[in-house]
Amino acid sequence: MIKMPKKGNLAAVDGSMMRNYLEFGDFMSAAKVFFVGFTRNYLLWNSFLEEFASFGGDSHDILEVFKELQNKGVEFDSKALTVVLKVCLALMDLWFGMKVHACLIKRGFHVDVHLSCALINLYEKCWGIDWANQVFDETPLQEDFLWNTIVMVNLRSERWENALELFGRMQSASAKATDGIIVKLLQACGKLRAFNEGKQIHGAVFDSTEDRDLSSWNSIISSYAVNGYLNDARDIFLQMNLQRAGFKPDSCSITSALQAVIELGYSMWGRSEEALAVINRIKSLGYTPNVVSWTAMISGCCQNENYMDALQFFSQMQEENVKPNSTTICSLLGACAGPSLLKKGEEIHCFSMRHGFVDDIYIATALIDMYSKGGKLEVAHEVFRNIKEKTLPCWNCMMMGYAIYGRGEEVFTLFENMCKTGIRPDAITFTALLSGCKNSCLVMEGWNYFDSMKKDYNISPTIEHYSCMVDLLGKAGFLDEALDFINAMPIKADASIWGALLAACRIHKDIKLAEIAARNLFRLEPYNSANYMLLMNIYSIFQRWDDVERLRESMTAMGVKISNVWSWTQVKQTIHVFSTEGNPHPEEGEIYFELYQLVSEIRKLGYVPDINCVHQNIDDKDKEKVLLSHTEKLAMTYGLMKVKDGSPIRVVKNTRICQDCHTAAKYISLARNRDIFLRDGGRFHHFMNGECSCNDRW
DNA sequence: CTAGGGTTAG
């Protein structure tokens, strides 16, 4: 038998029944308690709305209850109205929110901070940032909280300038910015390249008597670092504890500082040993890098294409008993993918499996990239097949994998399958598609995808896409069309565009167009020796030795250094590098002996040395000798000598493979019945039975 | 509304 409560307790009973219902998730019963209830206590009506919302009541229901209460003539307090405005935001019901707003103004309601905040959020989401800013300007009482809100909202809407301006105003109003705002503002400065504003924020933080947390300082360090003021970044790091007594950097500051330091090491000395030396100094100050710090170092090295140091840091990290996480693995796989370190990549793949990193989509994507760049497309595809929920980057990586092999048809099939799963392509997808076209010489398909990206997917082509098209048209022999295409481009042609055209002129032996392309290219990249070599190559084909000499002289006059050319191949655990600089390989004699044998073998099969590849006006016999010294030939030969029969030879070269080496490799694959994988500057060559997967266009 | 540092594809 339920005891009837005494009159004075009615409200309390309603309240507890309501809570019971709410706790069981029965919102509408809870509401009924109210509608049929005994009491008309306004405070309770209001708190009901709040509780309803905080127990996760359905937004539509809350709004219904609110309207019902409104009809009953209930007066609302600011908390209840805030709840209603938040509900409006959730439902994107700007119309009702505005009615509430109008009601507030009409009744001269005291708009408190939370209410303004809710209004600002509602207007920003439903109508745009300008109206949110207007609400802010019309709010009479601008407390700290509201300042922070309006700055945050502007940052969220990517109104960086607005946010910075508001920060200035809030300084004048002596409002205290939260640490989060400081962090976000500094990030905005980074995006804007607004270094002076960043410095002002630093000054404001430094001058104020407010205590800032580590994150603020850390982002200050980062903001100096990303703007290239690495010395300042380092000094702030080292002086942090001086600025506030007892204030010690944490692992976060170390990470920020380390990034600065790594870049400092590279930019000042161009070497990672010095970066490591500074890291050691940091350690001697008593700070221990954590997994994030190490990962930052590793990815920093990768960004500077210093893959060996990245791998070195990895072993050092393990020596110091810091466990890698999935982010570290991703960076490391990137370190292997860049220079095609297949064996190392396989090792890290095993490592990650042993340590339980399975089903990580980032790792899987990095694996696809690593295996395709390492020359094992089948394994890359296997990894791809095993991914249950394929994301856009997975598809993109896989497509790019097939593209660099020149397997355009497979790229198209992947694209169609991807679209069938409902994933929308992005700009990178089209780069993969167009790369597939250019490496397979599929001109019609290239045009179709190029037209389709804007028309069907509203993706504007970027310089990468234009570059693919120029490369595609040029390689296919449509040189004039390629030039027209460049002239019709809405954006300014960069070095990749003219470089693609120049390379095409080499294939199709068009010296007039080559000179036009080269003129533009040299203006954009005056110190890139590869460009000069390409033109020199074309002059050599036409035996124009005067021009070759002139070019060589202007290179000397300009101080263009011929960049180091190297090829390498891996035998067991060792990487053997063949380079135009530095010491020769210790087994050089044996290698040349084998190479002579090889050349006489393939001559019988029809190989003729392509002496046009030698840009010196010397005797033809001497030219043939020069050809033999090409690093890719040495690496291939060494592979043949050391890698057991039947296994493919894998060679990586940092620049484009030369035509003679390309021809020779085809014959070698035939003579010795070997698969030869050669990754050069731009793509993959798979030599097999006297043919190359690139169809002789690269 | 406050918490921010290191991950994948050209």
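Not measured: the values here are computed from a predicted model. Just so it is clear: chains get the letters A, B, ... in the order the sequence lines come, proteins before strands, and each one is counted from 1.
Closest to the A:Cys330 side chain, of the nucleotides B:dT8, B:dG10, B:dC1, is B:dT8. Checked against B:dA9, B:dC1, B:dG6, the side chain of A:Thr295 finds its nearest nucleotide in B:dG6. Of the candidates B:dC1, B:dA9, B:dG6, B:dG6 carries the atom nearest the A:Thr327 side chain, counting heavy atoms from C-beta on. Of the candidates B:dA9, B:dG4, B:dC1, B:dG4 carries the atom nearest the A:Val183 side chain, counting heavy atoms from C-beta on. With distances taken from any side-chain atom of A:Asn290 to the nucleotides B:dG5, B:dT8, B:dC1, the minimum falls on B:dG5. You'll find that the side chain of A:Asn396 is closest to B:dA9, out of B:dA9, B:dT8, B:dG6. For A:Tyr362, taking side-chain heavy atoms from C-beta onward, the closest of the listed nucleotides B:dA9, B:dT7, B:dG6 is B:dT7. Taking every side-chain heavy atom of A:His465 into account, B:dG10 is the closest of B:dG10, B:dT8, B:dC1.
The side chain of A:Ser299 places an N or O atom within less than 4.0 Å of a non-bridging phosphate oxygen (OP1 or OP2) of B:dT7.
Here A:Ile181 lies in heavy-atom contact (under 4.0 Å) with sugar-phosphate atoms only. Among the protein residues, A:Thr462 comes within range of the nucleic acid bases, having at least one heavy atom under 4.0 Å from a base atom. Counting any heavy atom pair closer than 4.0 Å across all strands shown, A:Asp369 reaches sugar-phosphate atoms only and no base atom. Here A:Cys397 lies in heavy-atom contact (under 4.0 Å) with sugar-phosphate atoms only. Note on A:Phe430: nothing from the nucleic acid sits closer than 4.0 angstrom, heavy atoms only. Across all strands shown, A:Asp360 has no heavy atoms under 4.0 Å from either base or sugar-phosphate atoms. Backbone-only contact: A:Lys373 has heavy atoms under 4.0 Å from sugar-phosphate atoms and none from a base.
Residues that satisfy the side chain to side chain contact (heavy atoms under 4.5 Å, CB included) test with A:Asp471, not counting sequence neighbours, are A:Lys438, A:Lys475, A:Ala500.
You'll find the side chain of A:Phe412 reaches within 4.5 Å of the side chain of A:Tyr449, heavy atoms only.
Aromatic pair A:Trp131/A:Phe136: ring centres not closer than 6.0 Å. Aromatic ring centres of A:Phe314 and A:Phe351: separated by under 6.0 Å.
For B:dG6, its base sits under 3.5 Å from the side chain of A:Asn325 at one donor and acceptor pair at least. Checked by distance alone, A:Thr178 brings no side-chain donor or acceptor within 3.5 Å of a matching partner on the base of B:dT2.
Side-chain atoms of A:His465 come within 3.5 Å of backbone atoms of A:Ala427 as a donor-acceptor pair (strictly under, hydrogens ignored).
We find that CH2 of A:Trp395 is positioned 22 Å from P of B:dT8, with the value rounded to whole Å. The CD1 atom of A:Ile221 sits 15 Å away from the C1' atom of B:dG6 (whole-angstrom rounding). Nucleotide B:dG4 holds its P atom 17 Å from the CD1 atom of A:Ile220, rounded to whole Å. With rounding to whole Å, A:Ile129 atom CD1 is found 13 Å from B:dC1 atom C1'. Atom P of nucleotide B:dA3 and atom CG of A:Asn218 are separated by 13 Å, given to the nearest angstrom. Following rounding to the nearest Å, A:Leu186 (CG) and B:dG5 (C1') show an atom-to-atom distance of 13 Å. What separates CD1 of A:Ile150 from P of B:dT2 is a distance of 14 Å, to the nearest Å. Per the geometry, CZ belonging to A:Phe136 stands 17 Å off P belonging to B:dC1, to the nearest Å.
Applying the salt bridge (charged side-chain N to carboxylate O under 4.0 Å, His left out) test to every pair with at least one member in residues 128-155 of chain A, sequence neighbours left out, gives these pairs: A:Asp130-A:Arg159, A:Asp137-A:Arg169.
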